Enquirer: 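Dropping a structure here in structure tokens format, bear with me for questions.
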There are 2 protein chains.
Amino acid sequence: METVGRIAGVSQVTVSRALNDPKKVSAATLKRIQDAIELTGYVPNMVAGALASRRSQLIAALVPSITNVIYSDLMQNFIDVIRGSGYHVLMAETGFSQDEEQAVLSTMLSRRPDGILLTGIHHSPGCKRMLLGAGIPVVEVWDMTENPLDVCIGFSHIKAGEEVAKYAVSCGYEHALIISAGDERALRRKNSFAAQFDQLTGNAPTEVLYETGATIERGRNGLTTGIELGFKNGIVMCSSDLLAHGVLIEAQSRGLRVPEDIAAIGFGNQNFAPFTLPALSTVEVNRTHLGKQAAEALVARINNQPLSKNSIDIGFEIIARAST
Amino acid sequence: METVGRIAGVSQVTVSRALNDPKKVSAATLKRIQDAIELTGYVPNMVAGALASRRSQLIAALVPSITNVIYSDLMQNFIDVIRGSGYHVLMAETGFSQDEEQAVLSTMLSRRPDGILLTGIHHSPGCKRMLLGAGIPVVEVWDMTENPLDVCIGFSHIKAGEEVAKYAVSCGYEHALIISAGDERALRRKNSFAAQFDQLTGNAPTEVLYETGATIERGRNGLTTGIELGFKNGIVMCSSDLLAHGVLIEAQSRGLRVPEDIAAIGFGNQNFAPFTLPALSTVEVNRTHLGKQAAEALVARINNQPLSKNSIDIGFEIIARAST
DNA sequence: TTGTATGCGTTATCAT
DNA sequence: ATGATAACGCATACAA
């Protein structure tokens, strides 16, 4: 800035102004400064800027997995909006582990982010303490609580499980097989589905659980295991569309008719869901909307603008297609 | 640090040493400093550290799409290794556009990253100029050139297309349908496949192109369009496993036998490929290896360690499964 | 509209 | 082994 200023015949401060608040600089000097910037190839140093202004223009975003479309889709929309407000995103993976989340958060806070996006509402005590100490806005997404750390935007996994159970029963299914990934939120959906389905039909669902993530492979294996465990017909409730897709494939491989012999319902409404054979019934959560709204809420909080509510339930929708 | 030092009975400088180079501090004072840090809840400020040391411990990573598993998988492994070396990753999406890449790079350079990961080898002149000006290590991945900006790790898309064509012909297919996404690398594979297939069989492939990304939906529609264009039997060469999966589904929907009536081969060897019906033939690129190696190369370059070669071809492998 | 002085929280250099 | 001092490149308060 010093150099640019010298060439433009102004002080370093005026260059700073020209960059951050051009209205405060006369048109003539602004032009000279821009020419000087062009000439020198000056690149602003946000590190120094952040130190001086105490605003890093950085958002830390912690997601369980970046390869899972559910979350990367959410992040894509989040980043899109947040970039528009001049922020960069420091993204990290927590692998569904609170310890990992705490470890990652700890190093991220050294970057002095202006705001934080967390996935889920369950965090370690150490996490909460650090967040409190940092004193910056926090948005928790993809779950719902009345007592967020700061702001929460998402939906109730318990309700989702229940509604799927009610839907399944309304379709006339009297038996159910659950194939679920092992993360805490998937298990909460599973449990509320099982409880509700049992209550309505008197039949407790058969369960096949996988410790780690959902894949088509596990959907196929899950159906196989379920059948070995005695599941004959009814609905297969999957914690993810990928598992459900695997179920459809395995059913076809076994010559089972869908939905006559077995039905399947997934979760997530991934973009392939309408195009499987048969088309996959699922639960839709508007990830585009969620990502954008989370970004807007975070920016609002950073700017001390008031939010109407600290907990925003964006809900979900059961999409009935041919697989049920 | 000032506060921590006062409590520990040392100067601010000694606290800095205790954190960055503990060996230089006596065991006794180190202990007192650690206690003081614990007591105060001190969190280091990497913004200030970066300004003073001129090392941001930040890596900028530009990928075409974060929702595409091909790239997010690559990034996952990259980040994993790079984190182990004490770096944070600033990731951004470029959407397969050189203009977008330049715009993103321009704002990223303000963060003074210590290194940069780029996807692909084709960049705008402005991009190259900025990179040159920044004077930091650059690793280009997912493609191959003898003249990288700095370091290049990947494979040849032209070779990949050619090898797929040779493989297809070796299987006995005499006609081909190409379904491809519109990004530059996919088109390069498509073109070399088409040229090679034509040369070997005398039959130019039918082509269906989509401007944007690959989805199962487009795979289904692509086969439909291809059939309308006159494709009857032979092999369907897809620029992505997702497209190929869509082809399998559409074939099944039409009662076409795979691979007897039509065969299909994808690209990427995504984790579902072995579990489709029939299992999908595809081209595998070891993304885990690529991500890790890119991270290691970048760290080595940052530390001025020599690399044996500036262009590393990790190759690819045609995985023959039941769909061909 | 522009400039001067000061400080942001570290690391690096040099001295002790 | 430890400390004093000077950058690092910018933004802010205040003055002109």
Side-chain angles (χ1 to χ4, degrees), chain A residues 1-34 36-37 40-58 86 88 107-114 133-136 302, chain B residues 1-34 36-37 40-58 86 88 107-114 133-136 302:
Chain A
M1 280 186 172
E2 191 76 48
T3 310
V4 170
R6 203 170 325 136
I7 294 177
V10 294
S11 75
Q12 171 261 323
V13 187
T14 306
V15 178
S16 175
R17 277 201 198 89
L19 259 36
N20 297 316
D21 204 354
K23 293 158 300 190
K24 290 191 170 181
V25 176
S26 76
T29 59
L30 190 58
K31 174 80 173 69
R32 293 204 314 278
I33 290 174
Q34 283 164 342
I37 288 177
T40 56
Y42 168 77
V43 178
N45 186 327
M46 291 187 82
V47 177
L51 183 62
S53 69
R54 301 155 153 284
R55 279 175 281 105
S56 64
Q57 303 286 99
L58 223 48
H88 282 153
T107 77
M108 289 250 171
L109 288 179
S110 296
R111 300 279 177 191
R112 296 294 188 271
D114 294 335
I136 53 178
I302 291 173
Chain B
M1 280 188 172
E2 191 76 49
T3 311
V4 169
R6 203 172 321 137
I7 294 176
V10 294
S11 76
Q12 172 269 133
V13 183
T14 306
V15 178
S16 175
R17 276 204 200 87
L19 258 34
N20 296 317
D21 204 354
K23 292 159 299 189
K24 291 193 170 180
V25 175
S26 77
T29 59
L30 190 58
K31 174 79 173 70
R32 293 206 313 278
I33 290 175
Q34 283 163 342
I37 287 177
T40 55
Y42 167 77
V43 177
N45 186 326
M46 292 186 81
V47 178
L51 182 62
S53 69
R54 302 156 152 281
R55 278 175 281 106
S56 64
Q57 302 284 102
L58 223 49
H88 282 153
T107 77
M108 289 247 168
L109 287 179
S110 296
R111 301 280 177 191
R112 295 294 186 270
D114 294 334
I136 52 179
I302 291 173

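Here is the naming used below: chain letters follow the sequence lines, and residue numbers restart at 1 for every chain. Here the structure is a predicted model, which means the values were calculated and not measured.
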Enquirer: Contact class for A:V47 vs. all strands (heavy atom < 4.0 Å): base, sugar-phosphate, or nothing?
Expert: nothing

Enquirer: Which nucleotide in the set C:dT10, D:dA13, C:dC14 lies at the smallest distance from any side-chain heavy atom of B:A48?
Expert: C:dT10

Enquirer: Ignoring backbone atoms, test whether B:T14 places a side-chain nitrogen or oxygen under 4.0 Å from the OP1 or OP2 oxygen of D:dG3.
Expert: yes

Enquirer: Over how many whole Å does the gap from A:N45 atom CG to C:dT10 atom C1' extend?
Expert: 14 Å

Enquirer: From CZ of B:R32 over to C1' of D:dT2, roughly how many Å is that when rounded to an integer?
Expert: 11 Å

Enquirer: Base, sugar-phosphate or nothing for B:E2? Non-hydrogen atoms, less than 4.0 Å.
Expert: nothing

Enquirer: Within the distance-only criterion (no hydrogens, no angle test), does the side chain of A:T40 pair as donor or acceptor with the backbone N or O of A:V4 below 3.5 angstrom?
Expert: no

Enquirer: What's the closest nucleotide to the side chain of A:T29 if the choices are C:dG3, C:dT11, C:dT2?
Expert: C:dT2

Enquirer: Identify the heavy atoms of B:L30 and B:V25 that sit nearest to each other, and give their distance.
Expert: N-CG1, 3.8 Å

Enquirer: What's the separation between atom CE in B:M1 and atom OG in B:S11, rounded to the nearest 0.5 Å?
Expert: 10.5 Å

Enquirer: Both B:S26 and A:P44 contact DNA chain D. Which one's nearest nucleotide lies toward the 5' end?
Expert: B:S26

Enquirer: So if I take every side-chain heavy atom of B:S53 and compare against C:dT1, C:dT4, C:dT11, which nucleotide ends up nearest?
Expert: C:dT11

Enquirer: Looking for any heavy atom pair under 4.0 Å, which part of the strands does B:R112 touch: base, sugar-phosphate only, or nothing?
Expert: nothing

Enquirer: Students often get this wrong, so: under 4.0 angstrom with heavy atoms, is A:V10 touching a base, only sugar-phosphate, or nothing?
Expert: sugar-phosphate

Enquirer: Round to the nearest Å and state the distance from B:N20 atom CG to D:dT2 atom P.
Expert: 15 Å

Enquirer: Regarding B:R55, tell me which of base, sugar-phosphate or nothing describes its non-hydrogen contacts under 4.0 Å with the strands shown.
Expert: sugar-phosphate

Enquirer: A side-chain contact here means heavy atoms from C-beta on lying under 4.5 Å apart; do A:I33 and A:I37 qualify?
Expert: yes

Enquirer: Would you kindly give the CZ-to-C1' distance between A:R54 and D:dG9, to the nearest whole Å?
Expert: 16 Å

Enquirer: Give the rounded distance in Å between these two atoms: CG of B:L51 and P of D:dC10.
Expert: 9 Å

Enquirer: Round to a whole Å and report the spacing from CD of A:Q57 to C1' of D:dC10.
Expert: 13 Å

Enquirer: Any donor-acceptor pair under 3.5 Å linking the side chain of B:R112 with the backbone of B:L109?
Expert: yes

Enquirer: If only side-chain N and O atoms of A:S16 are considered, is one of them under 4.0 Å from the OP1 or OP2 phosphate oxygen of D:dC10?
Expert: no

Enquirer: Report the distance from atom CZ of A:R111 to atom P of C:dC8, rounded to the nearest whole Å.
Expert: 21 Å

Enquirer: Expressed as a whole number of angstroms, how long is the span from A:Q12:CD to C:dT6:P?
Expert: 15 Å

